[in-house]
Each structure stands twice: as C-alpha cells, then as structure tokens.
Amino acid sequence: MTKSALQIARAAYQPKLPKALQGGVALKEGKATQSVADQEEIKKLFPNTYGMPLITFEAAASKAEAPAINVGVILSGGQAPGGHNVISGLFDGLKSLNKDSKLYGFLGGPSGLIDHKYMELTSDIIDEYRNTGGFDIIGSGRTKLEETEQFDKGIEICNKLNIKALVIIGGDDSNTNACVLAEYYLQKKCGIQVIGCPKTIDGDLKNEMIETSFGFDTACKVYSEVIGNIMRDANSAKKYWHFIKLMGRSASHIALECGLQTQPNICIVSEEVEEKKMTLDAIVSNIANTVAARAANGNNFGVVLIPEGLIEFIPEMKVLIKELNDLLAECSDVKCAVSKLSATSAAVYASLPEGIQKQLTLDRDPHGNVQVSLIETEKLLIEMVKVKLDSMKAEGKYVGKFSGLGHFFGYEGRCAAPSNFDADYCYALGFNATQLIASGKTGYMSSVRNTTAPADQWIAGGVPVTMMMNMEKRHGAMKPVIQKALVRLDGAPFKKLAENREKWAIDTCYVYPGPIQYFGPTEVCDQPTKTLALEQAK
Ligand code: FBP
C-alpha cells in the first residue's frame, strides 16, 4: 500500500502517556459513587455494578509481572479520529503487562461479537495503524448490544478464545450497553470483564469525570481549517454568504467549538434555540437582519454555522418530527403518514420546501430517529432567508445582494489523522484500559483527566459507568442511560460566544486556524480545543 510522506513520518510518533502509566502502577480507590440521578432505580437495575468507587492510578516504584490475558476489542458507532490509537494503546498496555497476552478485534462493530467474526491483532497489524485516522483496522457498526441472547453469544466466543475482558469503544449508548453487559456477566459469574472508552466526534459524552470524548478535538480542527479557508474566500470575493452545516447529531458542541475557533458572523446553537423557544421564522429573521446590517456597510458576504441537529430543536419542527416518527412506524407509506398529521404540524409541513419535506420522511435510523445528517438545513435556511430579504427589500429595509452557498462538513473530519491531542489521549485511554482489566475491574469507563495540562500530568483512572446514568424515555419505556451532555448555556464556551457574537456579526473578525500541525512549536501543535480550555479554566 502506498503511503503519504506524512503517514510514514507519523507512524514513528510515540504518543505520550500520563506519568502514572509510564512504569509500575498502583491503584487508589476513591469513595463509593452514586448515579447522577434516579439512584434507586439504577441501583435496582445494576445490583452488581452500582456504587463502585472511582479509581485513580498512581506511579509505583516497581512493576509487577501480570499473568497473560486475552482481551477482545470492539469499535462501536460512527468513526472518530484516534480509534486506532486506543487499540494500539490497549495492545502495548497488554504486552507491557505480559508479552504473551493477546488482543482480538471483533469485526464490523458489536455484530462481530454476536456473529463470532474476529481477528487476532498482532504487532505487524497494529504497527500499520498507529497514529492513523479511521476505524478500518477492524471496522465499526451500529448494532446495539441489548439482548441476553446476544450477550450469551458473546460468552460463547470469549470462552472459545479464552477472552477475559472486552473493551467497547463507543458513545453514550454503546457505553450504556457495555455496562449492561458487565452487569449481566457478573450475574452469570462468567468471568468476563467489560470496560468502555469514550468516543464520539459529537463531544456529547462528557461529564465531571470524562472531560471530553476522543475525536472531538481533531474533527473540530479539521472543520475549522476549512471554515477558515471559506472565510478567507468570502472576504476576498465579497459576494457570497456561506451557510455551513456541521455534524453533531444532537448537541451543538462542534458548531460552538468551530465558532470559537473561527469567529463567524453567525453561529447557531440548537440548545439556545430550544431554551428561547425560537421558531424557524425567528431564526430566519435573525439571519436576514444580520445580512441586511452587513449589506448596509457594503458587505454582501458572510459565514453562518449551523449545527446538524438544529431542526430537532426548533419547537414546531420537533413536534412535526415526533409525529412523523410515530406515523411512519404505523403507516404503510409517507402519503398516509402525512395525511394523519395534526393540523398544526400539517401547516408546518406544508410551509417547507418540497426537498426538505422529502428529507423529513426518509428512512429512520435503527433507533427510529430521523437521520439529521441527511436533512439539508443549510439549503432550507438559504431559501427562507432569501424570501425574507425579498420582502424586506420591498419594504425598503434591505439594500444589497444575497447569494447563498450551502456546505455540509461531517464525514470530512471523522477519519482525519488524529491531532497530537487525540493521538496521545486515545493511546492513554487504551493503555489505561489494560490497567483497569489487570486490576480485575468491570463496568468502568477508562478515564484520563486534567487534559489541558501536559500529557505526563494527566490523571488516569476509571469511572463506574453507573455513576453517569439516569433514567430516560426510550421507545416509550423508561431506560437507564448515560446522560447526554448538551451545550450548557451557563457554561464558559457558550458565554464566550454570546459575549462576542454581536461584534462578529457586523464586523469581519474571521480567524484562519489553518491545517492541523503534527510537528512544530507546541503552541501550534498541542493546543486543546477552546471548549476544553474554557471549561477547565474555571
Ligand atoms: P457516534 O455518536 O456514533 O460517534 O456518531 C456520531 C455521528 O458522526 C453524528 O455526528 C452523525 O449524525 C452520525 O454519526 C452520522 O451517522 P452515520 O455514520 O451512520 O452516517
């Protein structure tokens, strides 16, 4: 396989580890934990894994030889930069404990465990993937591990391969399921541990103990580079308004981070739209007013950032989508579903351009949700802003030219070569997972904290997954799930945007971050995200 010069140079990069993981490791147990909410219900559902203590690893004087152990690893859900480094950290961690340990990768996501599709990951294979983007080493998938028959199939293959621990690399849902699996395996006393790792570019798997999910750093830097390039083009040609939709299924962390990195004229945050109960018309009016204000200064160009999930946070759209989700599940075709909409939703639906109507009724994802990445919100907003500006022009409230261009950045960033931050963070998460395994832990998520400090000062340890759980309604029934972290309007990152956005709207204050740098001065190569820096500055 032909490799690029960067790939070759990058393969030699040795990711950094926290001091505690560099030699002998001692385990320190903290206090017993509680779930973030609904303690009684969660305790009842997880009698074996509830209340376990927080764990921190510390550097120890000597390194004990551990028995050889076989471990299985699964990549779950959407790709995120750094997945290969979690696996290489896991591999190196296992081998450092005992060179006869083995790592098996289950192929194509959680279905690999159920269908017994796997491969042994040897050092030759691992070396090919160090510091590279993508999940192609073993592939990923969105099959949910929720049924006991699936768990039992897992036991069968683990017994066959003598696997004593599974590491599930995934988002909030996959880690919730990892904990259900850990609980089940404890109940069955089958001796298989389960450890989770926090992955998702969306950045919504975070809390007091998990500072960030891996991949968020790299993906945001890739999008910010391209947004900066578009800004420079806009500022050079001075004739287009660019409407850029950014991935992030539900939460607006990606849009907010890219907004902070590049200082666009408008950065919509879905959580604010919901909080203020802003209608689609109000969003369109805000954008049109900014376009008009900039046009009055002779600036017929600009950049708008739109979070992927926006549509589901606009109150009237949320109701419409919910009705469509239910009706599409019970009706044989789209026409029938649309005919059964409530009068209000039918009016909202009728007001939308035909293309968007079609996108709203496309096939649902395996969880029954509309696939927001397929809805062209950027085009919807361009069309509606244009109509609004025409009427403002007729009323003499707008003098200028409006030419909108739509973009969607998502898949471009999910498999990028991990930034130095993600390369180190992921490697540390994987290496740390082996310590949790060697300590006999199960139902824990690998945790690496203090991440705005240099890597050797990072704090490694484990967090019981039950600690992050609450009860939420899923498919009509209450279920224990890891609480999803949406953008907090009282958090430092959003406040920073809110303080500056009026100026950024009218003046042209663009910042051009340029491409991710892997080699060079630390202030260029090793900066964490603005989100993390602002959150940790508290
Ligand atoms: P995960 O939460 O599984 O990491 O995936 C996140 C994501 O990239 C979202 O941002 C996006 O909406 C979705 O996956 C797209 O899904 P798919 O890869 O199935 O097209």
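Along the sequence shown, the residues carry numbers beginning at 1. Whatever order the structure lists them in is the order used to number ligands and atoms, beginning at 1. No experiment lies behind these values; they were computed from the predicted model shown.
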Ligand 1 versus [X], non-hydrogen atoms closer than 4.0 Å: side chain, backbone, both, neither?
X: Thr200; value: both
X: Tyr411; value: side chain
X: Gln79; value: neither

Carboxylate-amine/guanidinium contact [X] [Y], below 4.0 Å:
X: Lys206; Y: Glu535; answer: yes
X: Asp202; Y: Arg249; answer: no
X: Arg130; Y: Asp92; answer: yes
X: Glu128; Y: Lys3; answer: yes

Step by step, would you call Tyr129 with Ile87 a side chain to side chain contact (heavy atoms under 4.5 Å, CB included)? CA-CA 9 Å; Tyr129 289 92; Ile87 296 180; over 6 Å; no
Which of the numbered atoms in ligand 1 are below 4.0 angstrom from a heavy atom of Lys199?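 In order of numbering, the contacting atoms are 1 (P), 3 (O), 4 (O).
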Pairs of nitrogen or oxygen atoms closer than 3.5 Å, one from Gly77 and one from ligand 1: do any exist?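 Min N/O separation from ligand 1 is not below 3.5 Å for Gly77.
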Geometry only, no angles: is Glu308 polar-contacting ligand 1 at N/O separations under 3.5 Å? yes
Anything under 30° is parallel, anything over 60° is perpendicular, the rest tilted; go ahead and classify Phe135 against His84. tilted
Check for me whether Gly248 has a heavy atom closer than 4.0 Å to any atom of ligand 1.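 A heavy atom of Gly248 does come that close to ligand 1.
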Looking just at side-chain N and O atoms, do Tyr427 and Asn131 make a donor-acceptor pair shorter than 3.5 Å? no
Could you find the nearest protein heavy atom to atom 8 (O) of ligand 1 and give me its residue, atom name and distance?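 Sorting protein heavy atoms by distance from atom 8 (O) of ligand 1 puts Arg414 NH1, 2.8 Å first.
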Minimum-distance protein heavy atom relative to atom 19 (O) of ligand 1: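 That would be Arg142 NE, 3.1 Å.
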